[in-house]
Every structure is written in structure tokens, then in C-alpha cells.
Amino acid sequence: MQPIEHSAGAGVAVIIPAKDEQDRIAATVKAACQLPGADLVVVVDDGSADATARLAEEAGARVVRHGRNRGKGAAMESGAEAVRLLDDGASRHLLFLDADLAGTAGDAAPLIEPVRSGAADMTIAVFSSTVKLGGHGFVVRLSRDGIKRATGWTATQPLNGQRCLTRAAFEAALPLAPGFGVETALTIDLLRKGMRVTEVEVPLAHRATGTDWRAQVHRARQFRDVARALAVRDPAVTTRLSRLRRTSP
């Protein structure tokens, strides 16, 4: 693999996939705009039915809209393409943040520095907050075990969506896995291509995952998407999941 060229002086574009986040998106965008080196904030409104797009734009973001919900992976690709079109000859690094971080998005700066300095091709956040990350333990274990089996590397928070990448690293991972399988697949694909992935502890926090039926449906979708992403990269996963379904009551 050819060495990746880094640009220490490159700017940073913040990309925020969002769906129905009108309560938090303005605070998230305003905090992201204050990050060092962040000269562009793009919100991808992934089929929202509320005022997410309008509030994001009023807060200072460029907004890309999906007419229908297409999933997180597609939103990330749309955001990155919008940044490419706005780069005007530059090549910004890409910082992905969740829409519900609110004011804590301003604490994402430690994710940027290893990428800007050329020390890492991708950083992944490890939340120092005690707020529970989205995803039940069984989804986290599925992702963590799959990454380790595929690459030998153990991720602390494998489903964490707060990540900074070089443009070259992002393009090396295309096409992204669909839906909630994107983080798991992104980690595996970059590590397999010899890129440097580093975890960074940050004091970020997003909305705690609930326990109602909507939260359970969300976790089921996470499990499905992560399992699909792993199955594409490790055919043995399909066999193990089939056995699990046969033995389940």
C-alpha cells in the first residue's frame, strides 16, 4: 500500500447526520462551529419530519437534505460529497459527529489533532462520560468481537460514531456499509488496508438510550445492520448467526 499523504494545515469539515433532532441540532451545530480548524459544518437531514434542517441552517450549517430516510451510511456519504464539492481545491479532513451531542460537541477537538498532525488516519472517540452509549451490550459485543476476529484489534467503543478521518481514508472505505453497520465496517476496512486507527478519550455525551419499544426496535436494527456488515467481511458470521437463530426459542 502506498503511504498516505497528510496535510497538517488542512481544514476540518464537520459532518452531522441527523433525523428528527430539532431539540438538539442547533446547539450541536453552534458548538461544532467553534472547534479549532473547523471551517465548514454540514448537516445531512436524513428524511426528518420536523424542523431539523431549518434550525441547523439558522445555527450556521450547510444543509443537505434526503427526501426520505436513507440511513446513517448514506448520510455520511452525502455529507462527504457535499464537502468535496465545497472544498474548492483543498482537501479537508472529515469529522463525523452525532446530531444529539448538543453543547458537548465543542469537546470533540482531541479527535482532530492526531489526524491533522499525520499521526492517525482515523480517530474514534471513547466517551469519558458515564452516559450509556446507544446499543445494548449484545450489539456492542457483536461489533467488538467481529472487529477483533477480522483484524486482531479490540475496540473500546466500536459503535461510537464520533470519528475524524483523512479524506484519503474515507475514500478508501467507500462504499460505506449501510445503516448502523457503518462504524463496524469502517473500522475493519481501514485496518485491513493498513491504516492507523487510534482511540481518543473525549468528554462528549449524547442522549441516553431509552428502554421503550422504540429503543428496542432501534437496537434490533443496529444488530441487523452490524451483522450484515460483518457477514460481508467474514462469511463465517452468516453461519454463526444461522445457528443462533435455529437454537433460539
Side-chain angles (χ1 to χ4, degrees), residues 1-7 10 12-17 42 44 46 70-84 91-98 111-112 114-116 118-126 133-135 139-200 221-241:
M1 177 179 173
Q2 294 296 317
I4 296 175
E5 294 183 6
H6 292 270
S7 178
V12 177
V14 183
I15 300 172
I16 306 173
V42 174
V44 181
D46 192 27
R70 294 170 54 193
K72 190 172 186 180
M76 291 170 66
E77 288 192 6
S78 292
E81 177 62 12
V83 171
R84 187 186 68 79
S91 185
R92 293 178 175 91
H93 303 309
L94 307 175
L95 174 64
F96 292 94
L97 297 178
D98 289 345
L111 291 170
I112 299 172
V115 175
R116 293 194 78 190
D121 300 301
M122 178 171 74
T123 55
I124 304 174
V126 174
L133 284 174
V139 186
V140 174
R141 285 194 299 273
L142 176 67
S143 177
R144 182 182 293 125
D145 292 348
I147 292 170
K148 184 174 183 180
R149 186 168 51 248
T151 69
W153 186 69
T154 301
T156 304
Q157 293 179 357
L159 301 179
N160 203 312
Q162 316 340 291
R163 298 172 181 232
C164 189
L165 299 81
T166 63
R167 168 61 70 169
F170 181 83
E171 292 183 352
L174 293 175
L176 300 183
F180 297 109
V182 62
E183 289 91 2
T184 302
L186 189 56
T187 302
I188 291 173
D189 292 346
L190 293 190
L191 286 171
R192 281 180 166 176
K193 291 183 178 182
M195 297 192 183
R196 297 158 301 165
V197 177
T198 302
E199 293 182 315
V200 180
R221 288 172 177 164
Q222 275 189 312
F223 185 89
R224 175 201 64 193
D225 291 350
V226 170
R228 286 175 175 173
L230 289 173
V232 169
R233 289 153 182 82
D234 180 3
V237 171
T238 303
T239 302
R240 282 189 286 270
L241 291 174

Taking all atoms of both residues into account, what is the closest heavy-atom pair of Val44 and Ser78, and its distance? CG1-CB, 4.2 Å

In this structure, CG of Asp225 is separated from OG1 of Thr184 (nearest 0.5 Å) by 9.5 Å

Side chains of Met122 and Met195: closer than 4.5 Å at any heavy-atom pair? no

Minimum side-chain heavy-atom gap Leu190-Leu165 below 4.5 Å: yes

Is there side-chain contact between Val197 and Thr151, with at least one heavy-atom pair below 4.5 Å? no

Any side-chain heavy atom of Asp98 within less than 4.5 Å of one from Lys72? yes

Taking side chain as C-beta onward, heavy atoms only, is Arg163 less than 4.5 Å from Leu111? no

Would Ile188 and Asp234 count as a side-chain contact (heavy atoms from CB on, under 4.5 Å) here? Give the steps. CA-CA 10 Å; Ile188 291 173; Asp234 180 3; over 6 Å; no

May I ask you to decide if Ala125's main-chain N or O and Asn160's side chain share a donor-acceptor pair within less than 3.5 Å? yes

How long is the straight-line distance from CD of Gln162 back to CG of Leu97, given to the nearest 0.5 Å? 5.5 Å

For the backbone of Thr156 and the side chain of Arg144, can you confirm whether one donor and one acceptor N or O come within less than 3.5 Å of each other? yes

Looking only at heavy atoms, the pair that brings Gln157 and Val126 closest together is OE1-CA, 3.4 Å

Nearest 0.5 Å please: distance from the OG1 atom of Thr166 over to the CG atom of Leu94. 8.0 Å

Just by distance, do the side chain of Arg167 and the backbone of Ala80 share a donor-acceptor pair under 3.5 Å? yes

What are the two closest non-hydrogen atoms of Ala13 and Arg92, and how far apart are they? CB-CD, 3.7 Å

Less than 4.5 Å apart, any side-chain heavy atom of Val12 and any of Val115? no

Are any of the side-chain heavy atoms of Val232 and Leu230 separated by less than 4.5 Å? no

Under 3.5 Å: donor-acceptor pair, side chain of Glu77, backbone of Pro175: no

When you measure from the side chain of Arg233 to the backbone N and O of Ile147, does any donor-acceptor pair fall under 3.5 Å? no

Approximate separation, where rounding is to 0.5 Å, of Met76 CE and Asp46 CG: 12.0 Å

Do you know the tightest heavy-atom contact between Asp121 and Ala169? O-CB, 3.7 Å

Gly181 versus Ala229, closest heavy-atom pair with distance: O-CB, 3.7 Å

If I take atom CG from residue Leu95 and atom OG1 from residue Thr123, how far apart are they, to the nearest 0.5 angstrom? 7.5 Å

Once rounded to the nearest 0.5 Å, what's the spacing between atom CG of Leu186 and atom CZ of Phe170? 8.0 Å

Check Trp153 against Ile124 and note the closest heavy-atom contact, atom names and distance. CH2-CD1, 4.1 Å

Would the distance check show the side chain of Lys193 and the main-chain N or O of Ala172 forming a donor-acceptor pair, the cut-off being under 3.5 Å? yes

Minimum side-chain heavy-atom gap Pro158-Glu183 below 4.5 Å: no

